[in-house]
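From a predicted model like this one, the values you see are computed outputs, not experimental measurements.
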Amino acid sequence: MDERARLGRLAVAAYNSERDKEQNFAYGVDEDTAMVVNNKDQKIEVVGRSGVAVLDMSKAKLKSASSFVSKQKARSGLENIKVSYLSPGDKINYHLKSFEFPKDKVETKGFEYYSFNALPATGVFTPYGRLKAYLSYSLVDNESMKSANSYVYDSQGWGYEIAFRKNSDTNGYWRYTDGQKDDYSIVNVGMDITPKTVKFQPDKETSLTYKKSTFSPSESPVYDSIKGNLLIAGGALGSSNSSVYNKFINLAGGKQAKIGIVPAASTKFDSSSHFKEDLIKYGMKAENIEVLPISNHDFKGTSENESNWKANMNSDKLAQKVKGLTGIWFVGGDQTLITGSLRNENGSDSKVLQAIWHTYKNGAVLGGTSAGAAIMSNTMLAGGDSYGALSYGFTDTYDDMTQQEGGPAYLEKGLGFFQYGLVDQHFDNKARLGRLIATAYEKGNKNQLSYGIDEDTAMVVNNKEKQIEVVGRGGITLVDLAKVQANDKFPSDYKNILISCITPGDKVNMTTKEIVINPAKTSTRKNEYYSEKIGPNTGLFSPHGVLRKFLAYDLIDNAQSKEIKSYAFNQNKGFELTFRKSAESNGYWAYTDGQKDDYSIVKVTLDIKPIKVAIK
């Protein structure tokens, strides 16, 4: 359902089935997921790794088609559809048309965690750009949002607006799963589908709102003989992700390693406790793992006031302890809290940070997830999204959650452990390619790659070999600006950005930029599996909405595609994204984990062009 974006197809089919429309739900089952139907109890249970979309069409009706006339025929819409999305462990009473949720899931209504203005879902630069994630983060668990829109249209602009809204009976149910991954169930979101035409024109007006970055970090010292390694995880690391945990433990010296956990990024102590429990689960001894007293703020739910730990950054005793560790892990949260807990007020390195550098240079592994990944570069990306960075540039202010979820990019000085370019995280789920490009163009070294790491995935940095390797369940996006052309009069007007996407088993030389693909994969060039004409990727109703899959299925493994487009816009302003095959482009494919397609993509060219948008 979600991978191929078939919710609209399901809605039309369900509406045209009069009996089913009145009496039954309609169901859309995601990949790697199953509905288990118990006919005796008249219940359905969701099992697997994703979810099941459930449509209630009992009050749905056609929207008037009189004013929606295309060149071919009148177009009708639908309104008053109810969309629910269930997760593994949820149950459906299909006779009563009701739902049951595990007892450890908590309601979001009245207790929404997020509060940010979510952008409309318009293409592959949309944060949370697949249906379940978008409804969860951008609407149901977001107190700032009452409604949210997406679009679907063909290359001529004929299409539909999909409006999602909170009803009086809309609710969400949340818990952590597999460690600290968000697990949402969603019920009774209203959905209306309205015919629209969408037209784009080049934007010839200089953006007066775009601000260049004033951030100017001091150069981080470069060490040619760092003996240690890095394991940089993109966030949402699953406790069951054995390949990442085992890699970290092995790099630290095996099950006898001595690990220190830095809790500073989180507002709760739980993140550090859970990571310690995971290490023990993978064979480490509890006495060899310690949560280090490093923080500049108090943790929720503890008796101690951890804000007093700020003085520990210059503790000789703690610094000496850090020098005896073989591995250090930075948990996720707010990356500015890590740097604020390890740097003195004047910006200099504390004694504990100096000790971390000492142990790293002498062979220890440094690892981190989410915020713990962001701090690894010298220039740290701490806020903003792709649309905000391309439209508004950079800001000097930071306000925690809101700035993490959207708006112009915000930069601070990171800790500089990664010496070979910029790093960004939560890359696929939060669609951060545009923000990474804008930052790399202004503040990066154009002879270096920039790296976007997906969730539940790690970039393993071997300093001796000058090589990275992908480990985990997602991929890493590589951005190469060596041949980029930019228009100085028009911000965010770029040509010839090179994009590559690599997956577990692939490697990259950080100095030569040579990509070594997992030998189990076969080249797709001149052996493409698909041969189809592809329309633009426009949002939640477009198949293969995550960047790597969009490039794989719609471009690199498609004989008819020479280029494909997507869009990022809000109201009447935005960007056209054109991805093109070049002479250097190639794809590599294999089955993995049964019969799941696993693609790597090498050197696709991306052009970004500012546009004006008219929707009628």
Side-chain angles (χ1 to χ4, degrees), residues 5 119-130 150-157 159 198-203 207 210 384-393 409 424 427-428 430-441 450 452 477-481 483-487 490-501 534-556 558 561-582 585 601 603-613 615:
L119 292 171
T122 60
V124 295
F125 273 18
T126 302
Y128 311 115
R130 300 315 301 154
S150 186
Y151 299 88
V152 62
Y153 44 85
D154 62 18
S155 55
Q156 281 72 50
V198 184
K199 299 297 181 184
F200 304 112
Q201 291 183 332
D203 189 352
S207 174
Y210 187 95
D385 68 349
S386 287
Y387 181 83
L390 293 172
S391 298
Y392 311 119
D424 207 347
F427 205 70
D428 55 348
K430 297 195 179 186
R432 286 175 165 170
L433 177 60
R435 132 173 148 167
L436 183 59
I437 289 169
T439 304
Y441 182 76
S450 295
T477 300
L478 310 174
V479 177
D480 188 345
L481 298 184
K483 299 179 180 178
V484 70
Q485 299 173 18
N487 188 336
F490 296 96
S492 302
D493 187 346
Y494 299 109
K495 292 182 179 180
N496 296 330
I497 302 166
L498 284 181
I499 305 294
S500 301
C501 301
I534 300 295
N537 185 287
T538 63
L540 304 181
F541 277 21
S542 292
H544 314 305
V546 176
L547 177 68
R548 176 163 49 91
K549 293 186 177 182
F550 173 55
L551 296 181
Y553 290 103
D554 291 358
L555 179 65
I556 209 73
N558 189 340
S561 288
K562 303 300 180 186
E563 66 176 36
I564 53 176
K565 294 182 183 291
S566 184
Y567 295 88
F569 60 86
N570 187 22
Q571 297 180 348
N572 64 342
K573 290 275 191 176
F575 301 92
E576 180 182 72
L577 318 173
T578 303
F579 298 89
R580 297 181 280 109
K581 288 177 180 174
S582 69
S585 299
I601 299 143
K603 295 185 179 178
V604 165
T605 301
L606 167 62
D607 300 337
I608 300 176
K609 180 172 71 175
I611 54 172
K612 291 182 177 180
V613 184
I615 302 174

Exercise for review: Hey, could you give me the CG/SG distance between L551 and C501, rounded to the nearest 0.5 Å?
Suggested key: 5.5 Å
Point to revise | Y494-Y441 aromatic ring centre distance below 6.0 Å | key: yes
Exercise for review: Output all residues satisfying side chain to side chain contact (heavy atoms under 4.5 Å, CB included) with L119, sequence neighbours left out; order by chain, then residue number.
Suggested key: D385, Y387, N570
Review point. Between NZ of K573 and NZ of K612, what distance do you get to the nearest 0.5 Å?
Key: 5.5 Å
**Study point:** Sole candidate of D428, T477, I601 that passes side-chain contact (heavy atoms from CB on, under 4.5 Å) when paired with L547
**Key:** T477
Review point. Which heavy atom of F569 sits nearest a heavy atom of T122, and at what distance?
Key: N-OG1, 3.3 Å
Review point. With no hydrogens and no angle check, is any side-chain donor or acceptor of S150 less than 3.5 Å from a backbone partner on L540?
Key: yes
Practice item. Tell me, yes or no, whether the heavy-atom count around Y128 atom OH, taken from other residues, nucleotides or ligands under 6.0 Å, exceeds 12. Key: yes
**Study point:** Interatomic spacing from CZ in F550 to OG in S566 - rounded to 0.5 Å
**Key:** 5.0 Å
Practice item. Compare every heavy atom of P120 with every heavy atom of Y151, then report the nearest pair and how far apart it is. Key: CE1-CB, 4.4 Å
Review point. Could you give the distance from CG (L478) to CD1 (I499), rounded to the nearest 0.5 Å?
Key: 8.5 Å
**Study point:** Pair listing, salt bridge (charged side-chain N to carboxylate O under 4.0 Å, His left out) test, anchored in residues 540-555, at least two apart
**Key:** E3-K549
Point to revise | Shortest non-hydrogen separation from P543 to A5 and the atoms involved | key: N-CB, 3.7 Å
Review point. Which value, rounded to the nearest 0.5 Å, describes the distance between F125 atom CZ and R435 atom CZ?
Key: 12.5 Å
Point to revise | side chain to side chain contact (heavy atoms under 4.5 Å, CB included) evaluation trace for V604 with I556 | key: CA-CA 8 Å; V604 165; I556 209 73; 4.1 Å; yes
Review point. Would you call the rings of H544 and Y553 parallel, tilted or perpendicular, where under 30° means parallel and over 60° means perpendicular?
Key: parallel
Point to revise | Minimum heavy-atom distance G452-L436, with the two atoms named | key: N-CD2, 3.9 Å
**Study point:** NZ/K495: more than 12 non-hydrogen atoms of other groups inside 6.0 Å
**Key:** no
Check your understanding: Would you say N496's side chain and L606's backbone share a donor-acceptor pair under 3.5 angstrom?
Key -> no
Check your understanding: Do side-chain atoms of K581 reach the backbone of S561 as a donor and acceptor pair under 3.5 angstrom?
Key -> yes
**Study point:** Spatial distance of atom CG (N537) from atom NZ (K565) [nearest 0.5 Å]
**Key:** 13.0 Å
Check your understanding: With side chains defined as the heavy atoms from C-beta onward, is the minimum distance between T605 and L498 less than 4.5 Å?
Key -> yes
Check your understanding: What are the two closest non-hydrogen atoms of S492 and A389, and how far apart are they?
Key -> OG-O, 4.4 Å
Study note, to complete from the structure: Residue set satisfying side chain to side chain donor-acceptor pair (under 3.5 Å) with T439, at least two apart, ordered chain then number -> none
Practice item. Please indicate whether K483 has more than 12 foreign heavy atoms, meaning atoms of other residues, nucleotides or ligands, lying under 6.0 Å from its NZ. Key: no
**Study point:** Shortest non-hydrogen separation from S542 to P536 and the atoms involved
**Key:** OG-O, 3.9 Å
**Study point:** Evaluation steps, side chain to side chain contact (heavy atoms under 4.5 Å, CB included), between K609 and T578
**Key:** CA-CA 8 Å; K609 180 172 71 175; T578 303; over 6 Å; no
Review point. Can S500 and K603 be counted as having a side-chain donor-acceptor contact under 3.5 angstrom?
Key: no
Revision key, fill the gap. Per side-chain contact (heavy atoms from CB on, under 4.5 Å), Y567 is matched among V613, L577, I611 by I611
